[in-house]
Structure formats: structure tokens, C-alpha cells
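Just so it is clear, the values below take in all heavy atoms, side chains as well, and ignore hydrogens, waters and symmetry mates. Lettering of chains follows the sequences in order, A, B, ..., and the numbering in each one begins at 1.
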Amino acid sequence: MGSDDIKTRFAPSPTGFLHVGGARTALFNWLFARRHGGKFVLRIEDTDQVRSTTQSAAGILQDMLWLGLNWDEGPVVGGGKNQYFQSMRLAIYQPYLEQLIREDRAYEAFETPQQLAAMRAESEKRKTPFRYRRNMPGRAKKGEGPVVIRLEMPWEEIRFQDNILGEIRVAGVEHDDIVIRKSDGFPTYHFAVVIDDHDMGITHVLRAQEHLMNTPKHLALYAALNWRPPLYAHLPLVFNMDNSKMSKRDKTKAARAALQLYARQRQDPTFAQLAVRCGLPAGVIADFVARKTEDSTLAGKLAEALDVELPEIDVQDFRHSGYLSDALVNFIALIGWSPGQNREFLTRREMIDLFSLENIGKTSGRFDRKKLHWMNGEYIRRSRLQELVAAVESFSQVTDYPIKQADEPTLRVLLAMYQERMATLAEMARNSTFFFCTPRYDQAAVKKYIQTGDGQAILERILELLKPITPWDKELLSPVLERILAMGEKRGAAAQVLRVAVSGGAVSPPLLEMLALLGRDTTLSRIQQALGMFAPVEKTTDSQPWKRDKME
RNA sequence: GCCCUCAUCGUCUAGAGGCCUAGGACACGGGCUUUUCACGCCUGUAACUGGGGUUCGAAUCCCCAUGAGGGCACCA
């Protein structure tokens, strides 16, 4: 087989958003195909009529494109016919089903789900594993229940060569006659993958290790149909840092924890106050906390109202959090794969050139958010301004920060300011709001720098120094700033007073750039405003520290 | 419970019998730089799961134990 015949696929089921784990599987398949000059197919496995949705499918396509994982065959590019959705391929499966029955490799079964559950419970009681087999006693008779079709699995050991794990063997007694057509007439996943992979000419299947035990089933199907199976490679899994499985559940879990903390701290056990604040019925929130609902969109809204961040799980989450797709792809590629030579930063092109099944490891990995965060910051620092402008534009499409309104020249100035002090675009978006809106003053910072000692006096002095500057540009600002830095006993102390007055907090980009962008009017009026708002008052007023509003 | 797989710093990994007193990166600690915060630079702590073999020699090969994970659906 010539290497240009290589064809891989990614076959997500459209039952939610594209998960990072899925994205990694997609990436490895994409890399493998590109490495060998082959084709990469995207196929939507929507044989679960209950859980599949078209919005989900659309979202997955969008995420794939955002990640830069283009497909050679699949929805939209697949020739206009919807032949890459399994639900549209029902007619294709039918003849093979008939063939298997005709050849007596498959047979009908009539148990109801309840009966099957009872049989399993019975086996469990006897502490023997349940296997549905054609010759087993007590099978339901025709007409007794819904009709499914099962494949008669072989009775001998099945062994195969996995391209990552090596030889895998499963004894004959372990096999279970799998359902290949459900009672609703739809093929099961097992049947549809085999037919589709064969039909589409897939040569290599790289999939998560959770599919390892499905492989004998698929192999049996290939054998029954007399087809040559593809080559398999099972990828190591990715978990959370605490070794739990990464799932959407992590988001609802984190949201619930935040809500419980909130209820305790704010003494709002019925969430009445919170309900008002975020415009949701208190009952909905209470149900959510009581685990009656498992809605991650709701979790997101609540987290926003509480100003907490939920762990990112889906590709979209990372996009919302301001991660660059290049960084995410790079990071994900490194879990379970190593290009060697201590290399870490790779473009897609470099990954393609270095990719090989040989340097995929066998051990499962953990998703270290801190490292991704660092790597994203590194990508931002290494980017050119123009690339960052594009990234912010993409980011703004899915988020709603004031930075959205910035025109390109402003954006470039902001980007230059924040490039070295942000790790995600969201950090810049959040921290730069004071450029667009009246700052929310951090009371602790105000107290520490303005309402203290000669803070007021210093601020007045600063105002006087700044007032006469025209034109308001860096050249003229710079020497004045130098004088401000020299004020007071401790060099730089006055800078903090100015910083807080203008930005609202004790942390901001360097004053020179910041003041230049803010402009003369805004700067002066904010100082004046601060002077008025934070006039020295008697100590007694700050007796309600819990009411301090939080900056950020 | 049964079946399958895996096992190097806290984390991602390098290591394909001698190059290993185990390398890199994140995180963490210390220091320098500094108008805040970052960035940057220097530097430190930290690992071959345990036990048996094989071999002149094992992180690397074999076996057992232990641990971790996956699978046991008319879900994919």
C-alpha cells in the first residue's frame, strides 16, 4: 500500500460540544494523515436518535475549524450530499445487514430492555459475567418483544496488533453477541463504524483507549463481512489532575461548589438575592444545587453571576477563556506524544513533520491547566501584533467584553501594553475595562494609597503637574512622570497613588503608556473625581469591610 | 466481580542494556531587574512503585506483587 493511500477519520457523535479529549483524537488523526500525505475524513456519528442534535454537529464543525483541523472529506466539503452523517446513510447499512442474516452470521433477538437488565442482575448475583450468546438458555421467543439483530461473535480467541500497545488478546469466552441493529431500525455504533470505515476506505483508526475492548467486536464484523480491517492505534487517555475523568460534569460540579460557598458566606440559603441579580428563578438555582438538573449552560450563567471561573472542558470553553487555538493544539499534542529532542513549541507544520505512532506513549496523561496557561502566555508573547489583533477579533466574536468596541489602532496599543502581562486574552479583556469604562475602585488600594498619610496631597500635586501638559504625548508626559516617581521619600510611591486614581487598582500597565492612551481629559477628570470621592474622612466609616467591592 | 491496558520528578515527558551520580519543560522555593503587575535573567528542591530473576552490567528485558486507568448498553 502506498503511503498516499492512507486515510484517517474523526467520528464524533453530536451529543454536545467538542471536548478537548475529542479534539486531541481529531488532532492525532489529522496529523497522521497529513504526515503521510493521506486524507482526513470527518464523519458525524448520529445514530443515537435521542441525544444527537444538529446544533451540536454545527458546533463541532466550527470548533474543528477554529482548531485548524481541516478535513478532506466530510460535511460541507464531502460533495454536497450529506453522506458524512450516519443518519443519512441508513440505506447503505441495510444490504450488509441482510447479507449477515442470510449467511447466518447474525440473528434476531427479542428481549426487552427490562428482561436484559434482569438477566444481567441474575448473572451478577451468581458472580459470573453476563454474556449474551446465541446458544444460551432462556432466550426470548419471536413475537415476545422488540426485534434487534445481533452478530454471532466467534468462539475463539481474537488477537490483534495495536500500533501503540502491541499485541492484544481476548479469549473466546469473553465475547458477547453485540447488537448491530437497534429496535428502532438504526444501526448501532459498532455496525455503522465498520461499514463506514470500510466504505470510506479508512486505513488507520486512531482512537481513544476506551475503545480498546470494542476492537475485537469490530474485527469480528470485518471478518464476517470478509473485509480487510484497518490498522488500529489506541491513544492513551487524558484525565484531570486529580485523576478523574474530564467531563462536562466538572463544570456543574464546580458551579455547585461555588453556589454552596456563596449561600453560606452571603447568608442567602434560598438563593433569593442571587436570583434577582441574575434574573433566574430561585427554584431553578436550588434545583441545580440539589443536583436535580445537570445543565452546564446554566452552570455557566451562575458562575458568571458569582464571578467565579469554571474549569474549561470543551474546546469552546478554552476559546471563551481567551486561549489561542495554536497554543491549545500545541499543548494537547504533547499529552501522550513527544516529538523528542526536548522540543515543546511546534507549529502545526512541525508537528506534521515529526509525527509518528512510534513516539506516542502508552501511559495516560493528566491535563495540566497551569502548563497550558503558561504555554498560552508564551504564545501570546511570541506572537506578532497583527496575529494578536486577529486573535482578539476571533475572541470577541464569542465574548462580550468592552474591548470589543476598541478600534484597531487602540487595540494595537492595548496589545502592546498587555502582551507581556497576560497569559490569556480574557485576562487582558478583564483588566483593561478601565480604559473603556469608569473604573470600579478597589477599596483596599484606595485606602492604602490615597486615603493614607499625604496621599491626597500627593494626588493634588500630581494633578497640578499633569494639567499644563499639551500636547498630551509620551514625549512630554515622560519627564513629568519622572518627577512624580521622585516625589516622596520612597521612589515610586507616588506612582501608586496616580495608578489607583486613574485605573481603580494597584495593578495596571506602565503609567506612561496608560496615561497616553487614556488621554488628557479622562486622566485629569479621573484624578479630580478621585480627589472628591476619597477625601480624607474619619476612621469610623470603613466599618463594613465586607461591603468592599472586589476589583477585577 | 470479570476482562483488558498501563507504571520515570507533584504534572507533561526524554530515555529503545553501559553515554544516567537520570535530561528538558510546567508548577513550587530563593535571588537579580523594576513606577505596580508581569516579562526577563540566575539559581534551588524534586522521580526510575516494590520484590524476584536474566546479564559482566538494567530506568531500560522477563516474572510476580502492588497501584492506577479503561471496558463489561438497543451510548458512541
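- For the pair A/R381 and B/rG40, the criterion of a side-chain N or O lying under 4.0 Å from OP1 or OP2 is met.
- Separating the P atom of B/rC75 from that of B/rG17 is a span of 48 Å, rounded to the nearest Å.
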Between protein and nucleic acid, restricted to nucleotides 17-24 of chain B and to nitrogen or oxygen atoms under 3.5 Å apart, what atom pairs and distances do you find?
from, atom 1, to, atom 2, distance (Å)
B/rG23, N2, A/N342, OD1, 3.1
B/rG24, O4', A/N342, ND2, 3.4

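- Atom pair A/Q496:CD and B/rU35:P shows a separation of 11 Å (rounding to whole Å applied).
- Judged by atom type and distance alone, A/R421 reaches the base of B/rC37 through a side-chain donor-acceptor pair under 3.5 Å.
- Residue A/K362 contributes atom NZ, which lies 16 Å from atom C1' of B/rG70 at whole-angstrom precision.
- Under the 30°/60° scheme for interplanar angles, the aromatic rings of A/Y189 and A/H218 are found to stand perpendicular.
- Ion pairing between A/R43 and A/D196 holds under the 4.0 Å rule for side-chain N and carboxylate O.
- The partner of B/rC41 is B/rG31, judged by Watson-Crick or G-U wobble contacts that both fall below 3.5 Å.
- Proximity of A/R120 to the phosphate of B/rA73: a side-chain N or O atom is located under 4.0 Å from OP1 or OP2.
- Residue-level contact check: A/H373 touches neither bases nor backbone, having no heavy atom under 4.0 Å from any strand.
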Evaluate the criterion side chain to side chain contact (heavy atoms under 4.5 Å, CB included) for residue pair A/R133 and A/H175; output intermediate values, then yes/no. CA-CA 8 Å; A/R133 303 253 50 187; A/H175 304 327; 4.0 Å; yes

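- Residue-level contact check: A/G365 touches the backbone only, with heavy atoms under 4.0 Å from sugar-phosphate atoms and none from bases.
- Contact check on A/E124 versus A/R120 returns no salt bridge, with no Lys/Arg side-chain nitrogen under 4.0 Å from an Asp/Glu carboxylate oxygen.
- Taking side-chain N and O atoms only, A/K182 has a distance below 4.0 Å to OP1 or OP2 of B/rC75.
- Contact annotation for A/Q419: no contact, since no heavy-atom pair falls under 4.0 Å across all strands.
- For A/R483, the CZ atom counts as loosely surrounded, since its 6.0 Å shell holds 12 or fewer non-hydrogen atoms of other residues, nucleotides or ligands.
- A/D199 and A/R89 are joined by a salt bridge, as a carboxylate oxygen and a charged side-chain nitrogen come within less than 4.0 angstrom of each other.
- Across B/rA14 and B/rA22, the matching C1' atoms stand 10 Å from one another, rounded to whole Å.
- Under 3.5 Å, the side chain of A/R499 and the base of B/rU35 form at least one donor-acceptor pair of N or O atoms.
- A gap of 13 Å separates the C1' atoms of B/rC12 and B/rA47, to the nearest Å.
- Between A/R150 and B/rC74, a side-chain N or O to OP1/OP2 separation shorter than 4.0 Å is present.
- For A/Q341, the side-chain hydrogen bond (donor to acceptor under 3.5 Å, both in side chains) criterion is met by no residue, not counting sequence neighbours.
- When each of B/rG1, B/rG10, B/rG70 is scored by its nearest atom to the side-chain atoms of A/F239, the top-ranked nucleotide is B/rG70.
- In this structure, OH of A/Y418 is placed 12 Å from C1' of B/rU36, rounded to the nearest angstrom.
- The partner of B/rG69 is B/rC4, by the rule that a Watson-Crick or G-U pair needs both atom distances under 3.5 Å.
- Between A/I168 atom CD1 and B/rG71 atom C1' there is a gap of 12 Å when expressed in whole angstrom units.
- Minimum atom distance to the side chain of A/H211 is reached by B/rA76, of the listed B/rG71, B/rG10, B/rA76.
- A/T8 places a side-chain N or O within donor-acceptor distance of the main-chain N or O of A/N29, the cut-off being under 3.5 Å.
- Closest to the side chain of A/S183, from the set B/rU5, B/rC74, B/rA68, is B/rC74.
- As judged by a 4.0 angstrom heavy-atom cut-off over every strand, A/N214 is placed among the base-contacting residues.
- Base pairing of B/rA25: its partner is B/rU11, meeting the Watson-Crick or G-U wobble criterion (both donor-acceptor distances under 3.5 Å).
- Atom pair A/L334:CG and B/rU11:P shows a separation of 17 Å (rounding to whole Å applied).
- Partners of A/R24 according to the salt bridge (charged side-chain N to carboxylate O under 4.0 Å, His left out) rule, which considers only residues two or more places apart in sequence or in another chain, do not exist here.
- B/rG40 and B/rG57 have their P atoms separated by 48 Å, given to the nearest Å.
- Partner assigned to B/rG50 is B/rC64, using Watson-Crick or G-U wobble distances below 3.5 angstrom.
- The pair A/R169-A/E157 meets the salt-bridge criterion, with a side-chain N (NZ, NE, NH1 or NH2) lying under 4.0 Å from an Asp/Glu carboxylate O.
- Looking at the side chain of A/T363, the nearest of the listed nucleotides B/rA27, B/rG10, B/rU13 is B/rU13.
- Contacts of A/S508 with the nucleic acid, taken as non-hydrogen atoms under 4.0 Å apart, include base atoms.
- To the nearest whole angstrom, the two P atoms, one in B/rA7 and one in B/rU60, are 11 Å apart.
- Taking atom CG of residue A/D242 and atom P of nucleotide B/rG69, one finds them 10 Å apart after rounding to whole Å.
- The pairing partner recorded for B/rG18 is B/rC56, the criterion being a Watson-Crick or G-U wobble arrangement whose two distances lie under 3.5 angstrom.
- Comparing B/rC4 with B/rC74, their C1' atoms are spaced 24 Å from each other, to the whole Å.
- Comparing A/F367 and A/D176 against RNA chain B, the residue whose closest nucleotide sits nearer the 5' end is A/F367.
- Residue contacts shown for A/E378 are limited to sugar-phosphate atoms, with no base heavy atom under 4.0 Å away.
- Between A/R9 and A/E45 there is no salt bridge, since none of the side-chain N atoms of the basic residue sits less than 4.0 Å from a carboxylate O of the acidic one.
- Comparing B/rA14, B/rU11, B/rA27 by their closest approach to the side chain of A/S338 singles out B/rA14.
- Nearest-nucleotide mapping onto RNA chain B: of A/E513 and A/I335, the residue sitting toward the 5' end is A/I335.
- Backbone-only engagement by A/G336 is indicated by non-hydrogen atom pairs under 4.0 Å involving sugar-phosphate atoms exclusively.
- A sub-4.0 Å separation between OP1 or OP2 of B/rU35 and a side-chain N or O of A/R491 is present.
- The nearest whole Å value for the distance from the CZ atom in A/R366 to the C1' atom in B/rA68 is 8 Å.
- When the P atom of B/rU36 is taken as reference, atom CD of A/E427 falls 20 Å away, rounded to whole Å.
- Nucleic acid contact for A/L165: sugar-phosphate only, since backbone atoms but no base atoms lie under 4.0 Å from a heavy atom of the residue.
- Ion pairing of A/D326 with A/R348 is present here, as a side-chain N (NZ or NE/NH1/NH2) and a carboxylate O approach within less than 4.0 Å.
- Comparing B/rU5 with B/rG51, their P atoms are spaced 25 Å from each other, to the whole Å.
- Contact between the side-chain N/O atoms of A/T47 and the OP1/OP2 oxygens of B/rA76 is found at a separation under 4.0 Å.
- Comparing the C1' positions of B/rU54 and B/rC63 gives a spacing of 11 Å, expressed to the nearest Å.
- Of the candidate nucleotides B/rC75, B/rC4, B/rC37, B/rC37 has the atom nearest to the side chain of A/V507.
- Across all strands, A/L485 comes closer than 4.0 Å to base atoms (heavy-atom distances).
- Base contact: A/P146 has a heavy atom under 4.0 Å from a base atom.
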